[in-house]
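Report on the structure given below.
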Amino acid sequence: MFIVKQYNDDIEVYQDDILYLNVKRKFNILGKLFSTFMIANEVILESTYDIFFFKKFLSISNQNQSLKVELIKKSSEYYLLSEEHQLILRRHYFKNPLYTIEDNNYKVAEVSTSLHGFAEYPIIYNFTTECEKKLELLCLIRFLIEIPPTMDV
């Protein structure tokens with residue numbers, strides 16, 4: 001189980017009260033959100049999140065050579081692809097789990113939070129999965145790429 005804390009726009013992920021992954025996020029002058037994913041101060045991935053005319057655009061701009069992932073859009077849904085994995089994030093409004101992550105149509109992770117805690121900072125998510133370590137990281141990345149900036153929650 002991971003605890004995901006969203007402070008304004010930056011995100012910290014803890015496992016057993018130890019910082020596992022953090023995401024530094026910043027907006028450019030046009031409102032595009034740039035995210036830098038780091039494990040132990042090493043950049044593993046960089047992504048962008050943009051909303052234009054109520055449409056969301058996600059992309060991976062850079063990644064560590066040991067992490068081979070691709071983000072593609074199929075019929076308005078984004079998939080994170082890596083080897084045999086096809087991860088999709090499903091949002092469930094007004095109930096827990098708030099999100100589920102599926103790999104090839106099988107649920108592999110879920111994300112829950114208190115349904116009334118969106119006005120408080122940090123926003124805290126409980127991320128649970130029982131996968132191998134590599135798939136666990138991919139599920140976390142899939143969730144965090146699409147987690148909206150606090151202004152959109």
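Any value given below was found using the heavy atoms of this structure, including those in side chains, with hydrogens, waters and symmetry copies removed.
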K74 to Y79 six-membered ring, cation-pi geometry met (6.0 Å, 45°):
yes
Could you tell me the separation between the CG atom of L21 and the CD atom of E12, rounded to the nearest 0.5 Å?
10.0 Å
Gap separating the OG1 atom of T113 from the CG atom of L98, nearest 0.5 angstrom
7.0 Å
Do N126 and M1 pass the side chain to side chain contact (heavy atoms under 4.5 Å, CB included) test, and can you show the C-alpha distance, the side-chain angles, and the key distance before you say yes or no?
CA-CA 7 Å; N126 297 310; M1 180 170 168; 3.5 Å; yes
So does R25 get a backbone contact from the side chain of D10, meaning a donor-acceptor N/O pair under 3.5 Å?
yes
Is there a path from L33 to M38 through hydrophobic residues (I, L, V, M, F, W, Y) whose side chains come within less than 4.5 Å of each other?
no
Can you confirm whether the side chains of T48 and S59 place a donor and an acceptor under 3.5 Å from each other?
yes
Checking side-chain polar atoms at under 3.5 Å, does D103 have a donor or acceptor matched by the opposite partner on Q86?
no
Mind checking whether I124 and I3 have side chains closer than 4.5 Å, heavy atoms only?
yes
Please tell me if the side chains of N64 and E42 come closer than 4.5 Å, counting only heavy atoms from C-beta onward.
yes
May I ask you to test the F127-I101 pair for a side-chain heavy-atom distance under 4.5 Å?
yes
So K26 and D9, do their side chains get closer than 4.5 Å, heavy atoms only?
no
Would the distance check show the side chain of N104 and the main-chain N or O of E84 forming a donor-acceptor pair, the cut-off being under 3.5 Å?
yes
Validation row: E110, Y99 side chains within 4.5 angstrom (heavy atoms):
no
Within 45 degrees of the axis of the six-membered ring of F57 and under 6.0 Å from its centre: does K73 put its NZ or CZ there?
yes
Looking at side-chain heavy atoms only, is the closest gap between V4 and I11 below 4.5 Å?
yes
Start with the C-alpha gap between F27 and K32, add the side-chain angles, then the distance that decides, and say whether side chain to side chain contact (heavy atoms under 4.5 Å, CB included) holds.
CA-CA 5 Å; F27 287 95; K32 184 182 283 191; over 6 Å; no
same_hphob_cluster(V43, L71) at 4.5 Å side-chain heavy-atom cutoff
no
Please list, chain by chain and in numerical order, all residues satisfying side-chain contact (heavy atoms from CB on, under 4.5 Å) with N62, sequence neighbours excluded.
E46
Does one hydrophobic cluster hold both I88 and Y49, with members joined at side-chain heavy-atom distances below 4.5 Å?
no
Let me have the donor-acceptor pairs involving side chains of residues 132-146, under 3.5 Å, with sequence neighbours excluded, atom names and distances please.
from : atom 1 : to   : atom 2 : distance (Å)
K133 : NZ     : Q15  : OE1    : 3.2
K133 : NZ     : E136 : OE1    : 3.4
K134 : NZ     : E83  : OE1    : 3.0
K134 : NZ     : E83  : OE2    : 2.9
R142 : NH1    : E146 : OE1    : 3.0
R142 : NH2    : Y78  : O      : 3.0
R142 : NH2    : E146 : OE1    : 2.6
E146 : OE2    : K56  : NZ     : 2.7

Taking the side chain as C-beta and beyond, is there a heavy-atom pair between I123 and Y125 under 4.5 Å?
yes
Tell me, please, which residues at least two apart from Y20 pass ring pair (Phe, Tyr, Trp, His ring centres under 6.0 Å).
F2
With a 4.5 Å cut-off on side-chain heavy atoms, are V69 and Q63 touching?
yes
For N28, I'd like to know if atom CG has over 12 heavy atoms of other residues, nucleotides or ligands within 6.0 Å.
yes
Verify the cluster assignment for F34 and I60: are they in a single hydrophobic cluster under the rule of side-chain heavy atoms below 4.5 Å apart?
no
What closest approach, in Å, do N22 and K24 show between heavy atoms, and which atom pair accounts for it?
ND2-CE, 3.9 Å
Check the pair C131 / V108 against side chain to side chain contact (heavy atoms under 4.5 Å, CB included), numbers first and verdict last.
CA-CA 7 Å; C131 304; V108 292; 3.8 Å; yes
Roughly how far, to the nearest 0.5 Å, is the NZ atom of K68 from the CG atom of L81?
15.0 Å
